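The model shown is predicted, which means the values in this text are computed figures rather than measured ones. Within every chain, numbering begins at 1; the chains are lettered A, B, ... in the order of the sequence lines, protein sequences first and strands thereafter.
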There are 2 protein chains.
Amino acid sequence: MPPADHPRGTAPEEPGPGLDVVHQLRAVTVELDLLAADFARRNGLHPTDLRALIQLLDAARSGTAVTPGRLGAALGLNSAGTTSLIDRLERLGHVRRLRDPHDGRRVLLEVDERATALGRSFFGPLIDHVVGEVETMPPAELAAVRRFLAHVRTGIEEHREQG
Amino acid sequence: MPPADHPRGTAPEEPGPGLDVVHQLRAVTVELDLLAADFARRNGLHPTDLRALIQLLDAARSGTAVTPGRLGAALGLNSAGTTSLIDRLERLGHVRRLRDPHDGRRVLLEVDERATALGRSFFGPLIDHVVGEVETMPPAELAAVRRFLAHVRTGIEEHREQG
DNA sequence: CGAATTTCTCTCGCTGAGCGAGATAGTATC
DNA sequence: GATACTATCTCGCTCAGCGAGAGAAATTCG
């Protein structure tokens, strides 16, 4: 989030622990974005492609079937953009298109090993880093972090709904 | 980060508190990105423009002068892309170009009120939400959250440096 | 059942963000 | 004052993503 210089309107804008945490959080997301963009470039992907892979891997992990429609919606793309996104991923061998046998209009997206490997090569070390940290934390502190992150997420969701 | 299905290679991949926190963190960043993209669209901006405004506002807040070069580097754009980014922001009245009096090659970017207002209108409620939460937290828990976020950042930075 | 409607994906043509290459103008070094 | 360097901008191009709409399969309804 951007700085909030003048105490005007909505929040107590004095530099304090709250704002500081907000800044840290924003920095984390900005840096993760940059990291993802770098990685995508190095692997001949676009940032959107990487986000798509994340969605696909998450879905595969939770056993959910993914169709172009769902994927496009999750990424905020329209159908034309979604088609060309999937074309790219298919061309690179990360994804295969299969007709849904139960609904002939649908296409099911199947993730290739190579996509999982790519995802792991990117996020693996980072995951290790964070998991390592988490494992040294006292349970009470860990619980606090989780509550905090959950709270942030609900805040974001409320914010999005109001549009 | 994407899921890590098989315990292979780098990390203890069993579903556990560590991975769970990683997933929460990833979800936060994904949702923040989507929120930012929505907001950008509604305000006739591109996601990059919003990221640029965040950088500019941060710099203004900390009293740092921003030039096209710095901004482009912070966003991972080349000079041509940076120029057209600033053209867009200038056209929308968020930014003005001023020649640096001390170094005639440089351009200094001055942020307009309208940009600050825009930033606040976007992030304000979210900041309030998080700050509100932070203020109810016992100091020990708050400290844990800050340490955690700091740790994540250093992890990301190390990760980026190795390229 | 067959027609109308809806749902899902893809095609076509276009806009514009961002890239590579290089021009230009100002600064530092000798 | 020539040379090297730095910061920004210009030009031409590629391609991600959009709007509009076509086509095919499913659903609803007379």
Give the minimum heavy-atom separation between B:A40 and B:P47, together with the two atoms involved. CB-N, 4.1 Å

Looking at side-chain heavy atoms only, is the closest gap between B:L34 and B:D38 below 4.5 Å? no

In whole angstroms, the gap separating P of C:dC8 from CZ of A:R106 amounts to 6 Å

How close do B:T82 and B:G72 get, counting heavy atoms only, and between which atoms? OG1-CA, 3.3 Å

Taking the side chain as C-beta and beyond, is there a heavy-atom pair between B:L50 and B:F122 under 4.5 Å? yes

Rounded distance (Å) that lies between atom P of C:dG16 and atom NE2 of A:H46: 20 Å

What one should report as the nearest heavy-atom pair of B:R114 and B:D112 is N-OD1, 2.8 Å

Which comes earlier along DNA chain C counting from the 5' end, the contact point of A:T67 or that of B:R88, where each point is its nearest nucleotide? A:T67

Find the distance between CG (B:L57) and NE2 (B:H94) and round it off to the nearest 0.5 Å. 10.0 Å

Between CZ of B:R51 and P of C:dA17 the distance, given in whole Å, is 15 Å

I need the residues from residues 75-84 of chain B with at least one non-hydrogen atom less than 4.0 Å from DNA chain D; give them sorted by number, or say none. B:S79, B:A80, B:T83

Nearest non-hydrogen partners of A:A59 and A:V66, listed with the distance: CB-CG2, 3.2 Å

Check every nucleotide of DNA chain D for an atom under 4.0 Å from a heavy-atom of chain B, then give the first and the last such nucleotide from 5' to 3'. D:dT6 to D:dC18

Can you see which heavy atom on B:H129 is nearest to which on A:G155, and at what distance? NE2-CA, 3.3 Å

Applying the 4.5 Å side-chain criterion to the ILVMFWY set and letting contacts propagate, would B:L92 and B:I86 be lumped into a single cluster? yes

Flag if over 12 foreign heavy atoms under 6.0 Å of CZ, A:R88: yes

Under 4.0 Å between any heavy atoms, over every strand shown, what does A:R97 touch: base, sugar-phosphate, or nothing? Just pick one. sugar-phosphate

To the nearest angstrom, how far is B:L85 atom CG from C:dG16 atom C1'? 13 Å

With heavy atoms under 4.0 Å as the rule, sort B:R41 into base, sugar-phosphate or nothing. sugar-phosphate

Identify the two heavy atoms, one from A:T83 and one from A:R97, that lie closest to each other, and give their separation to 0.1 Å. O-NH2, 4.0 Å

Kindly give the atom pairs (protein nitrogen or oxygen, nucleotide nitrogen or oxygen) under 3.5 Å for nucleotides 25-29 of chain C.
{"from": "C:dG26", "atom 1": "O3'", "to": "B:G104", "atom 2": "N", "distance (Å)": "3.2"}
{"from": "C:dG26", "atom 1": "N2", "to": "B:R105", "atom 2": "NH1", "distance (Å)": "3.1"}
{"from": "C:dT27", "atom 1": "OP1", "to": "B:G104", "atom 2": "N", "distance (Å)": "2.9"}

